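Heads up, the thing below is written out as C-alpha cells.
Numbers here are sequence positions counted from 1. Keep in mind it's a predicted model, so treat the numbers as computed, not measured.
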Amino acid sequence: MAEQLSTEKEAPDVIVIGAGIIGITTATELLLMGAKVTVLDREGVAAGASRGNAGAFAFSDAAPVASPGIMKKAPKWLFDPLGPLSVPLPYALKIAPWMYRFWRASRPDQVRAGTAALVALMTASRERLVPLMETTGTHNMLRQHGNLQLYESRKAFEENLPMWREREARGVKFTALTSPEEIAEHQPGIDRRFVGAIHTNDWYGISDPKDYTTALSTFFESRGGTIRIAEASALEAVSGGVSVVLSDGTRLSADQIVVAAGAWSHRLAKTLGDHIPLETERGYNTTLPVGAFDLKRQLSFEEHGFVVSPLSSGIRVGGAVELGGLNLPPNYRRADALLKKAKSFLPGLKTEGGTQWMGFRPSLPDSIPVIGPASATNRIIYAFGHGHLGLTQSAGTARIVANLVMGRENTVDLAPYRPQRF
C-alpha cells in the first residue's frame with residue numbers, strides 16, 4: 001500500500017545538496033514525512049556515479065574494502081595502472097595520509113566492527129527498499145537475480161569462506177559452489193578456469209541505475225519537491241537556521257541542510273570546520289549493447305575487482321578502484337583492460353559497440369559512510385562516503401537521515417557512522 005504524504009502544519013524547509021541516488025532518495029523520504037524540500041546539484045539528476053554504476057543492490061557485500069587480505073595484495077596492485085586497485089603516480093604523495101588510514105582500518109578488530117556497521121546499514125536498506133519502491137512506483141525496475149562471486153584460485157576461494165561465514169552469522173545467506181559444473185548450472189558460458197563461487201540471492205539488481213534515480217526524481221517533483229541546478233560552495237550556521245552559499249554568491253536559507261554531494265561533499269564539510277578524509281574511487285566501465293551475452297545474474301570476478309551486470313540498457317562491464325582524485329584526466333585503458341578480461345572469462349561475450357564511462361565514487365578509508373550531524377550544528381546532516389555501495393545503501397541511509405532531520409527515532413545505532421570518528 002502506498003504511503004501518504006504527511007499533513008503536518010509545521011513543515012520544515014530542507015535543502016538537500018546532491019541529486020545522486022543518496023540525495024534524491026533522501027529528498028523523497030523527507031517529502032513523504034512532510035518537509036518542504038529543495039534539491040541542489042551542480043549538474044543535475046544522476047549526473048555522477050548514479051548514472052553509470054553497476055546497478056546492483058549488493059546487500060550481501062557487507063565487508064570493508066580494507067582488510068588483511070587486500071593489504072597483502074595491495075603492494076603489487078597499487079602502481080599497476082591497469083590493476084584492480086591503483087594509484088596514479090602523480091597522485092601518490094597526496095593520497096598517502098588516506099592510505100595510512102586505509103591500512104589502519106585493515107586491522108582485524110576494525111574489520112569486524114566495520115562489517116557489523118555495514119550489515120546494519122545493509123539490513124535497514126534492504127528492509128526499506130521495496131516499500132519505498134512501491135510508494136514511488138519504481139518496484140517494476142527491481143531485478144532479484146542474485147550474484148555469482150567467482151574465484152579462479154581454490155586458495156583464494158577457501159581464504160574468503162571464513163569472511164562469508166561471519167556474514168552468515170549476521171544473517172547474510174549464501175551458497176558455496178565448488179566446481180565449474182555447479183557454476184555452469186547458475187550461469188552457462190563461464191570459462192572453466194573458475195573453480196569456486198559464492199552465490200547470493202540477497203543481491204538485487206535495477207533495470208538501469210540512471211533510469212531509477214530519474215524515476216525517483218520525477219516522483220519527488222510530482223509531489224511538490226523542487227530540483228535546482230546550482231553549485232553549493234559553502235555552508236553557514238546562522239541564527240535560527242542554516243544557509244548555503246552558491247558559487248555565484250547567492251545565499252539560500254533553510255531550517256535544515258543535508259549534504260549528499262558524493263565525492264565533492266568533503267569540500268562543503270570543510271567550510272564548517274569538519275575535515276573528513278574523503279577520497280575518490282574512480283570507477284570505469286563499458287556498456288555493451290543488449291544481447292551481447294545471455295547474462296542471467298550479476299557476475300563478480302573477485303580476484304580481478306570487476307563485475308558484469310545485466311541492465312535494460314545492455315551488459316555493463318566495469319569496476320576496479322583507481323584512487324586518483326577529481327582532477328586527473330580519465331585513463332580509459334582501464335575500461336579496455338576490464339573488457340579484455342571479461343571476454344577471456346566469458347568467451348561468448350560480444351565486445352563490439354560499447355560505450356565507455358568513468359565516474360567518481362566517494363570513498364572513506366574504513367568503507368563506512370558518514371551519516372550524522374556536522375560538528376558546528378545539528379541542523380546540517382552529512383550523508384556521504386558510500387564508496388561503490390551508494391545504490392545499495394541508499395534506502396537505509398535516506399530513512400535514517402530523514403528521521404534525523406524530522407526529529408524521529410532511528411533503530412540503527414549511528415555511532416559507527418558519526419562524522420567525528422576521524
If we only count heavy atoms from C-beta on, is the Phe306 to Val308 side-chain gap below 4.5 Å? yes
Beyond-backbone contact of Leu132 with Arg399, side-chain heavy atoms, under 4.5 angstrom: no
Do Arg282 and Arg361 have side chains that approach each other closer than 4.5 Å (heavy atoms only, starting at C-beta)? no
Is a side-chain donor-acceptor pair under 3.5 Å present for Gln298 with Ser309? yes
Specify the closest pair of heavy atoms between Tyr284 and Met358, including all atoms of both residues, with the distance to one decimal. CE2-CG, 3.4 Å
Counting distance only, does the side-chain N/O of Arg154 pair as donor-acceptor with the main-chain N or O of Thr178 below 3.5 Å? yes
Side chains of Phe345 and Ile190: does their closest heavy-atom pair fall under 4.5 Å? no
Flag if over 12 foreign heavy atoms under 6.0 Å of NZ, Lys341: yes
Check whether the side chains of Glu152 and His304 place a donor and an acceptor atom closer than 3.5 Å, and report yes or no. yes
Knowing that exactly one of Arg421, Arg101, Arg112 qualifies, which makes a salt bridge (Lys or Arg N to Asp or Glu O under 4.0 Å) with Asp366? Arg421
With side chains defined as the heavy atoms from C-beta onward, is the minimum distance between Leu311 and Pro209 less than 4.5 Å? yes
I'd like to check Met133 versus Tyr212 (side-chain heavy atoms, cut-off strictly below 4.5 Å). Are they in contact? yes
On the six-membered ring of Trp264, is Arg42 placed so that its NZ or CZ lies under 6.0 angstrom from the centre and within 45° of the ring axis? yes
Checking Arg167 against Trp164: charged group under 6.0 Å from the ring centre and within 45 degrees of the axis? yes
Side chains of Arg193 and Ser344 only: does a donor on one sit below 3.5 Å from an acceptor on the other? yes
Just by distance, with hydrogens left out, do Gln356 and Asp336 show a side-chain donor and acceptor under 3.5 Å apart? yes
For residues Ser375 and Gln420, is any side-chain donor paired with an opposing acceptor at under 3.5 Å? yes
Would you say the side-chain atoms of Asp208 and Ser312 include a donor-acceptor pair closer than 3.5 Å? no
Would you indicate whether the side-chain heavy atoms of Asp41 and Ile227 approach each other to under 4.5 Å? no
